[in-house]
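Worksheet for the structure shown next.
Remember, it's 1-based here, ligands and their atoms both numbered in the order they're listed. All residue numbers in this chain count up from 1 along the given sequence. Worth saying up front: this structure is predicted, and the values here are computed from it rather than measured.
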Amino acid sequence: MIDDLWYKNGVIYCLSVGTYMDSDGDGIGDFRGLQRRLDYLHGLGITAIWLMPFQTSPGRDNGYDISDYYSVDPRFGTLGDFVEFTHGCKQRGIRVIIDLVVNHTSDQHKWFREARRSKDSEYRDWYVWSDKKPANANTGMVFPGVQKSTWTRDKEAGAWYFHRFYDFQPDLNTSNPHVQAEILKIMGFWIQLGVSGFRMDAVPFIIATKGPKVRKPVEQYDMLRSLREFLQWRQGDSIILAEANVLPETDMEYFGADGDRMHMMFNFHVNQHLFYALASGDSRPLMKSLKATKPRPATAQWGLFLRNHDELDLGRLTKAQQQSVFKAFGPDKDMQLYDRGIRRRLAPMLGGDRRRLELAYSLMFTLPGTPVLRYGDELAMGDNLDLPERECARTPMQWSTEPHAGFTEGHKPCAPVIDKGPYGYEHVNAAKQRRDPNSMLNWTERIVRMRKEVPEIGWGDFEVITVRDPGVLAIRYDWRNNSVLFVHNLDEKPREVSFKVGLPGEASKLLVNLLTEDHSRSDKGGRHTILLEGYGYRWYRVGGLDYLLKRSDIDTDAAGKTAHPA
Ligand code: GLC
């Protein structure tokens, strides 16, 4: 049954153990601290945690430079603490997915240290070498402006090594069967310790051909099938969520035409067009991006997000679209990064405007896919642009008005807590917002609950409804004899729109509002006319709440079309 697939319908919450909660006063968040905050997450209603890298690491790229895949970095605790944590999540019905960072290791990893020592080392071939400086050494950098090349000479090895990311992150030779076997072993290890899957880092680079002679890397998509196969045999309900910022044309290569590759992918395409829509008030490119990313196997799912731990990458927009997003949300040079993105958190980007924040999250929670919320966004936390690169949006969680926002009892947190301005912890913190019925936290909790009450989004099929106003986006989902409909006004001015639900029968004459008493009855011809305030949004169930009781067990009618309430 499709509704057994937990990742198709839930709410994922992404956090970094180091900046979440410190239990021992050393200023660094740890698993015991996180454990104590599980009830908070349970209360918020999220269904899965995406835990960012916590394995042993020199920590030069926020943990994305791992030096031992089979351990917990001692700063964060022990393997014992980790298992207590996954167990605590299981008890509360929360799944855990962890980062799988296997495109590269840290240069401090034992494998690399062995590999550079001698050409005869059994690990030499685990990395990608060249005797001479390759002609394309100064191309293909992921962090332009900060990273100077993709090949660096290693004195000890007497050769050049390939690194798609920073020079301290040598790429693994992922075509080497020994490396591939090791990746499976790493997955098997963490599965055994209670995780339900992986957010796989940098997937297009993992499967690309690598080497000094490779001019145009070729993706070896078959690798994705073997990863999935292994995982499914080990633990049938575990998943891979791929980080792959790719063009819609290749989506099906990642999902697999038979749904036999990645279970989930982040929808970077929709993400960028969503920000353009928020910046310009024009929903048309967003609509186009929804249609372009519509094709996917029934078992596959999109991860829908607004901001994550990296910069907001606008590289897929046209130059003019990029400029309008920069102008609206990141006009100053120090708000931008890598010539293509914005490094701020969402709340400051939207000027802390509650109406716009709600609009943005309402979209994230109702567009096709599973929403992925970033820690602190439920409080509308801010950023600290004095910190370098992407660190500005990775400050400690703001729990209370106690010193250092209650994140640590120590004197010096690993990263400074935001303590000034409107986003300072004295104003923005969980303790205060918990008590305030109108807080962002309580709004988020409610929207998470409502999202869980409309599984049609996760499991159903969608259709964009014509409203003939570029400022307004209307979308309907159908699943097992039930339909829901969402309307968003991207413009700051009020809008009146009129539309037909697009379904036959009496049911579509009534739209029951799930968030307020403001329901809608159509005219005789079946047209609804709705007045939306600036940045307004509506969540409706078609036909009324009773229609839920008419939910069918099957997805399609006899003609093979989605069954509608008639
Ligand atoms: C991914 C991560 C990013 C990291 C990079 C290298 O893009 O999201 O944070 O720096 O991979 O591992």
(message) Counting the benzene-type ring for Trp, do His104 and Tyr166 have ring centres under 6.0 Å apart?
(response) no

(request) Check ligand 1 against Glu243 and write out every atom of the ligand that is under 4.0 Å from a heavy-atom position of the residue. (result) 1 (C), 7 (O), 8 (O)

(request) For residues Tyr425 and Phe407, establish whether the separation of their ring centroids is below 6.0 Å. (result) no

(request) With atom 9 (O) of ligand 1 as the reference point, say which of Asp310, Asn245, Ile66 has the nearest heavy atom. (result) Asp310

(request) Would you check whether Tyr166 reaches within less than 4.0 Å of ligand 1, judged by its heavy atoms? (result) no

(message) Give the atom numbers and elements of ligand 1 that come within less than 4.0 Å of a heavy atom of Arg390.
(response) 3 (C), 4 (C), 9 (O), 10 (O)

(request) On the 0 to 90° scale, with breaks at 30° and 60°, tag the Tyr69-His109 ring pair as parallel, tilted or perpendicular. (result) tilted

(message) Just to be sure I'm reading this right: ignoring hydrogens, which of Val102, Asp201, Asn62 gets closest to atom 12 (O) of ligand 1? Compare them by their nearest heavy atoms.
(response) Asp201

(request) Could you tell me the residue and atom name of the protein heavy atom closest to atom 5 (C) of ligand 1, and the distance to it rounded to 0.1 Å? (result) Phe165 CE2, 3.6 Å

(request) Answer yes or no for Glu389: is there a heavy-atom contact with ligand 1 below 4.0 Å? (result) no

(request) Determine the interplanar angle of the His273 and His269 rings, folded into 0 to 90°, and report it as parallel if under 30°, tilted if 30 to 60°, perpendicular if over 60°. (result) tilted

(request) List the closest protein heavy-atom neighbour of atom 10 (O) of ligand 1: residue, atom name, distance to the nearest 0.1 Å. (result) Asp61 OD2, 2.6 Å

(request) Pull out every atom of ligand 1 sitting under 4.0 Å from any heavy atom of Phe143, numbered as shown with elements. (result) 10 (O)

(request) Under 4.0 Å from a heavy atom of His104: give me the atoms of ligand 1 that qualify, with their elements. (result) 6 (C), 12 (O)

(request) Assert yes or no for the condition that the ring centre distance of Trp50 to Phe266 is strictly below 6.0 Å. (result) yes

(request) Answer side chain, backbone, both or neither: which part of Arg60 comes under 4.0 Å from ligand 1, heavy atoms only. (result) neither

(message) Would you say the ring centers of Phe112 and Tyr161 fall short of 6.0 Å from each other?
(response) yes

(request) Provide the number and element of each atom of ligand 1 under 4.0 Å from a heavy atom of His309. (result) 2 (C), 3 (C), 8 (O), 9 (O)

(message) Ring-plane angle category for His178 and Trp126, please: parallel below 30°, perpendicular beyond 60°, tilted otherwise.
(response) parallel

(message) For Tyr123 and Trp111, take the angle between the two ring planes, folded into 0 to 90°, and tell me which bin it lands in: parallel under 30, tilted 30 to 60, perpendicular over 60.
(response) parallel

